[in-house]
Protein chains: 2
Amino acid sequence: MKKLDINFSEPLNCPVRNVLDRIGDKWSLLILLVLEQEDVLRFNEIHQSIGDISQKMLSVSLKNLEADGLVNRKVYPQIPPKVEYKLTDLGKSLIPFVNALSDWSKQHMDTILKNRTAYKKKL
Amino acid sequence: MKKLDINFSEPLNCPVRNVLDRIGDKWSLLILLVLEQEDVLRFNEIHQSIGDISQKMLSVSLKNLEADGLVNRKVYPQIPPKVEYKLTDLGKSLIPFVNALSDWSKQHMDTILKNRTAYKKKL
DNA sequence: CAGTATCCTACTGGATACTG
DNA sequence: CAGTATCCAGTAGGATACTG
């Protein structure tokens with residue numbers, strides 16, 4: 001058997017797994033991109049920007065992003081409460097790669113969709 | 001409310017969603033990276049390279065990648081059967097972005113893990 | 001060798017209702 | 001306003017056994 005340089009099967013050791021576990025969920029990347037476009041947003045602003053995300057998932061995703069240090073959460077102690085979210089520098093540093101991926105997808109989306117259709121017909 | 005350039009909530013219209021749905025699963029990217037390192041691999045070689053993937057998930061993931069046109073599947077009609085997998089040009093074109101993401105992750109993994117620990121303590 | 005088929009669990013994420 | 005709490009359904013994915 002061929003020996004690989006990277007041991008992909010060791011999740012803790014594997015950068016791909018590490019980045020994907022955070023990024024590969026349904027909403028995190030979307031939230032990062034929304035925050036990048038608007039700089040600072042409140043909870044409900046993100047909620048409405050994304051549209052079809054539930055309050056629960058927005059809350060969970062924001063917590064995860066905050067825990068990883070990708071998003072900053074600033075609470076204004078007032079009533080009614082006001083909370084602002086923005087990207088940290090670490091979060092910002094990830095954006096170019098996400099955009100690169102998004103561009104690749106834009107470029108090849110048509111091809112991929114055609115491939116899928118053709119593949120189904122072959123079956 | 002602020003108006004966003006991209007409508008993220010339209011999955012079919014959203015390149016981020018499109019690329020993520022294929023990429024964000026547990027194994028697809030790993031398979032692409034393994035194939036990139038080894039050029040051509042048979043089913044069981046991929047299986048053993050990744051280590052902890054089940055036969056089922058390898059089969060499913062390979063089918064998806066093949067359907068999208070990212071991986072080529074070549075069958076040698078002989079007994080016992082022999083099937084070779086390799087990246088298509090489309091598949092290869094995705095690799096640099098995956099590697100970029102992987103590099104970012106390598107660079108910041110320690111920071112992120114520390115952030116997570118610190119965040120937990122705050123709770 | 002290269003998969004399928006079947007069963008099963010655990011987690012993701014949605015809907016709804018409630019709260020400081 | 002900015003969330004929690006609770007319940008629930010669908011699915012991703014693992015274990016095992018089997019097949020051409």
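Proteins come first, then strands; the chains are lettered A, B, ... in the order of their sequence lines, and each starts at number 1. What you see is a predicted model, and the numbers here were worked out from it, not measured in a lab.
- Listed nucleotides: C:dG3, D:dT4, C:dG13. Nearest to the side chain of B:F43: C:dG3.
- Using a 4.0 Å heavy-atom distance criterion, B:Y85 is classed as a sugar-phosphate-only contact.
- Distance B:Y76 OH to C:dG3 C1': 18 Å, rounded to the nearest Å.
- Between the CE atom of A:M57 and the P atom of D:dC8 there is a distance of 19 Å, given to the nearest Å.
- Rounded to whole Å, the distance from CG on B:L20 to C1' on D:dA12 is 16 Å.
- In this structure, A:L62 and A:W27 have side chains that are not in contact, with every pair of non-hydrogen atoms separated by 4.5 Å or more.
- Counting to the nearest Å, the P atom of D:dG3 and the CG atom of A:L58 are 8 Å from each other.
- Residue B:K82 qualifies as enclosed at atom NZ: its count of foreign heavy atoms under 6.0 Å is above 12.
- Rounded to whole Å, atom P of C:dT12 lies 10 Å from atom NZ of A:K56.
- Regarding contacts with the backbone of D:dT4, a side-chain N or O of A:S59 is found under 4.0 angstrom from either OP1 or OP2.
- By the 4.5 Å heavy-atom criterion applied to side chains, A:L30 and B:L20 are not counted as neighbours.
- The pairing partner recorded for D:dT19 is C:dA2, the criterion being a Watson-Crick or G-U wobble arrangement whose two distances lie under 3.5 angstrom.
- Rounded to a whole Å, the CZ atom of A:R22 is 10 Å from the P atom of C:dT12.
- You'll find that the side chain of B:Q55 is closest to D:dA17, out of C:dG13, D:dA17, D:dT4.
- Mapping A:D25 and A:P80 onto DNA chain C by nearest heavy atom places A:D25 closer to the 5' end of the strand.
- When B:Q48, B:H47, B:R42 are each tested for a side chain to side chain contact (heavy atoms under 4.5 Å, CB included) with B:E45, only one passes: B:R42.
- Between A:I31 and A:Y85 there is no side-chain heavy-atom pair separated by less than 4.5 Å.
- For the pair A:E45 CD and D:dG3 C1', the interatomic distance rounds to 15 Å; values are reported in whole Å.
- What separates NZ of B:K63 from P of C:dA2 is a distance of 13 Å, to the nearest Å.
- The side chain of B:R42 places no N or O atom within less than 4.0 Å of a non-bridging phosphate oxygen (OP1 or OP2) of C:dC1.
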